[in-house]
Amino acid sequence: MSPLSVLHASQLITLSGPKRPRVGTELSTLGIIHNGGMLIRDGKIERVGPSDEIEKNVGDAEVVDAGGRVVMPGFVDAHTHLVFAGNRLDDFERRARGETYEQIAKAGGGIWSTVVKTRAASELDLLAQAKKHANWFLRCGTTTVEAKSGYGLTVEDELKILRVMRQLKKEAPLEIVPTFLGGHAVARELSPDEYLDVVVTEMLPRVSAEKLAEFCDVFCERGYFNIDQSRKILSAAKKLGLSLRGHVDQLTNSGGAKLMAEMGATTADHLEQTDEQGIAALKKASVQPVLLPGSVYALGSSRYPRAREMIEAGLAVVLATDFNPGSSPTPSMPMVLSLACTQMKMLPAEAITASTVNAAYSVRRGDRIGSLEPGKLANLVIFDCEDYRELAYWFGIPQTHSVYVRGECVSRSGGL
Ligand code: NIG
Ligand code: FE
């Protein structure tokens, strides 16, 4: 692969800074280089600086002229449900008629309806649909996603989903961080206790033996898994060496944030209902909050997580899409940035940090991705705008110009 040089970015958003997740005012420090450029060799960033300096060192590198556009690290989407079959158009229409997420789930829609379709799908069918999703992510400027299982709920179907992720990783340029979410809902053919036993004694040991996941997650919520049941799953996963994430305090405040702190989890996700005590517990245990405003928006709710309080408390906030067919059918991180700024009062710069470098740390890859610094992978996006704030400001219009993973162009937008 020949070296590559990217020149003339109106703003090169480097996110250079301390080698740890950013907190407080660090969240709004983007390390911008005006008329910036970079040199890439063997898929990694070799040099970053003003364009005229980089130009002097171009040598035989292929030159990409960013033409006065914004260049920034690819988004890292730290919470997605990438692999599933079908869609949930009926749920969507029912919500438009006024039914709630929980009512629809009870009436035969919800997670279970996707489980039925996903069980019936072959590995090849799931892979084909997952590839389509992967392309959507790339087109939105996302180069790494965390992806959860959770629509199988039998040993074989959960493993099937995780294998699809493994295969997708080989066939698509999107980088994937796999998470086991057997504790997404109770399989209807078993009692809650029986299912919990299957997750702990059958699924988790297989997932760990086949090294199919790096993280274990659980949906800790009324009607899904309570605090005790969630603790059992997470403790078993921890013993097997998996790191932990959790869907907590989404619809009700059940003390889920505190549980994630107690378990020493890497992240606590959702947190729409989390109060000051929950925030304090996360801070004490250095758990990163992953906020998912797309799901609040798509469920037609108005209760967004308390992002400002979390930032003020010193938490290393992360933003993610929660891409899934039910509560958040969007792969678009720019849409999430828009929601973060308009609904949660995050500054555009804070939102960018939360969806790049902080997200990278939350998937344990902060040393390799999330910023444009020498030594990191050359995962970057050229956006068709001059100022990074435009990413959150214009909404509903794709601004991606081109996307690079490990120095290779993997997506280019059309246009006149
Ligand atoms: O993150 N909360 C649980 N899981 C997903 C929803 C999944 C679904 O509805 O299919 C979420 O919102
Ligand atoms: Fe989710």
Side-chain angles (χ1 to χ4, degrees), residues 77-95 99-119 121 129 133 145-153 157-158 161 177-188 215-226 229-230 233 244-254 256-257 260 265 267-274 289-301 303-305 318-331 336 339 359 362-363:
D77 193 339
H79 183 135
T80 84
H81 303 251
L82 177 78
V83 181
F84 56 82
N87 58 48
R88 296 253 283 283
L89 290 170
D90 294 339
D91 292 20
F92 179 65
E93 191 164 335
R94 282 164 93 153
R95 278 203 304 281
E99 287 181 66
T100 67
Y101 183 80
E102 284 177 294
Q103 284 166 344
I104 294 166
K106 275 203 189 104
I111 292 173
W112 186 252
S113 63
T114 300
V115 169
V116 171
K117 289 183 203 146
T118 305
R119 284 182 179 179
Q129 190 172 343
H133 301 160
V145 299
E146 180 266 9
K148 305 169 196 301
S149 66
Y151 292 116
L153 312 187
D157 290 302
E158 284 297 303
I161 294 169
V177 181
T179 293
F180 168 66
L181 177 57
H184 198 191
V186 174
R188 294 244 165 121
F215 289 91
C216 176
D217 193 337
V218 63
F219 188 16
C220 179
E221 185 60 64
R222 174 174 72 193
Y224 294 85
F225 296 89
N226 64 26
Q229 294 165 328
S230 300
I233 294 175
L244 309 179
R245 321 177 81 78
H247 285 70
V248 293
D249 302 342
Q250 180 185 8
L251 308 171
T252 51
N253 181 3
S254 61
M260 299 317 283
T267 69
D269 304 36
H270 276 292
L271 306 172
E272 286 87 337
Q273 315 293 331
T274 301
V290 180
L291 310 183
L292 311 166
S295 66
V296 182
Y297 167 79
L299 290 179
S301 159
R303 176 127 177 194
Y304 286 84
V318 177
L319 286 167
T321 60
D322 193 14
F323 173 72
N324 76 71
S327 64
S328 194
T330 182
V336 168
L339 291 169
S362 85
V363 294

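Reckoned from all heavy atoms, side chains included, excluding hydrogens, waters and symmetry mates. Note that ligands are numbered from 1 as they come in the structure, with each ligand's atoms numbered from 1 the same way.
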*Nearest to the Fe ion (ligand 2), which N, O or S atom of His81 do we find?*
NE2

_To check you understand the geometry: which heavy-atom pair defines the closest contact between Val177 and Phe215, and what is its length?_
CG1-CE1, 3.9 Å

Any donor-acceptor pair under 3.5 Å from [X] side chain to [Y] backbone:
X: Thr80; Y: Asp322; answer: no
X: Glu272; Y: Pro305; answer: no
X: Thr118; Y: Gly152; answer: no
X: Asp249; Y: Gly256; answer: yes
X: Glu146; Y: Asp77; answer: no

*asked:* Angle at the Fe ion (ligand 2), OD1 of Asp322 to NE2 of His79, rounded to 10 degrees, please.
replied: 80°

*Which residues pass the side chain to side chain contact (heavy atoms under 4.5 Å, CB included) test with Asn87, sequence neighbours left out?*
Leu89

*Taking both backbone and side chain into account, is any N, O or S atom of His270 nearer than 2.8 Å to the Fe ion (ligand 2)?*
no

*For ligand 1, what is the set of protein residues having any non-hydrogen atom at a distance below 4.0 Å?*
His79, His81, Arg88, Tyr101, Ile111, Tyr151, His184, Phe219, His247, Gln250, His270, Asp322, Asn324, Gly326, Ser327

